[in-house]
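Shown next, in structure tokens, is the structure this report addresses.
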Amino acid sequence: MILVPAGFLMMLSGPFFRTGEGTPPVASLGCLVLIAGLVLIVAGRIQNARHKRATEEMNRRRMGAGWRPCPICNGSGQIVVGRTYSSPNAGGGDRAIMGKCGTCFGHGWFSPAVPGTPPPL
């Protein structure tokens, strides 16, 4: 994500606004870096949206086949086992330490045939 600000700064640096000199090479490079950064951002958002849609579709199919999400981890397969704390000067905030759910053995779903059976890998 640093490409976009770097490209913008490169585009504005140098004799960019002088007339009669054409486009300086630094500004041209800045424009290319800016465009490349924007393309990477858009590509990442598209990939995240595809992954989200695929996960939702997989969950709908599981539910239709009779599989049920784990009530402890809500189908994620992970639970919070602890937290780390840092000072506000070091970035602040706390972070969750995730572990495998012991109820569904990290699968997140229960079989329709035998209650409590995790799905095959």
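- With a 4.5 Å cut-off on side-chain heavy atoms, His107 and Cys101 do not count as touching.
- The shortest heavy-atom contact between Met63 and Pro69 is SD-CD, 3.6 Å.
- With contacts defined as side-chain heavy-atom distances shorter than 4.5 Å, the pair Trp109/Asn59 qualifies.
- Put simply, CD on Gln78 and SG on Cys104 are 10.0 Å apart, with the number rounded to the nearest 0.5 Å.
- Within the 4.5 Å cutoff, side-chain heavy atoms of Phe110 are placed close to those of Pro71.
- Separating the SG atom in Cys70 from the CZ atom in Phe105 is a distance of 10.0 Å, to the nearest 0.5 Å.
- For Arg60, the salt bridge (Lys or Arg N to Asp or Glu O under 4.0 Å) test picks out Glu57, with sequence neighbours left out.
- By the rule that hydrophobic residues join a cluster once side-chain heavy atoms approach within less than 4.5 Å of another member, Ile72 and Ile97 end up as members of one cluster.
- Once rounded to the nearest 0.5 Å, the distance linking CG of Asn48 with CZ of Arg53 reads 11.0 Å.
- Looking only at side-chain heavy atoms (C-beta outward), Met98 and Ile79 stay at 4.5 Å or farther from each other.
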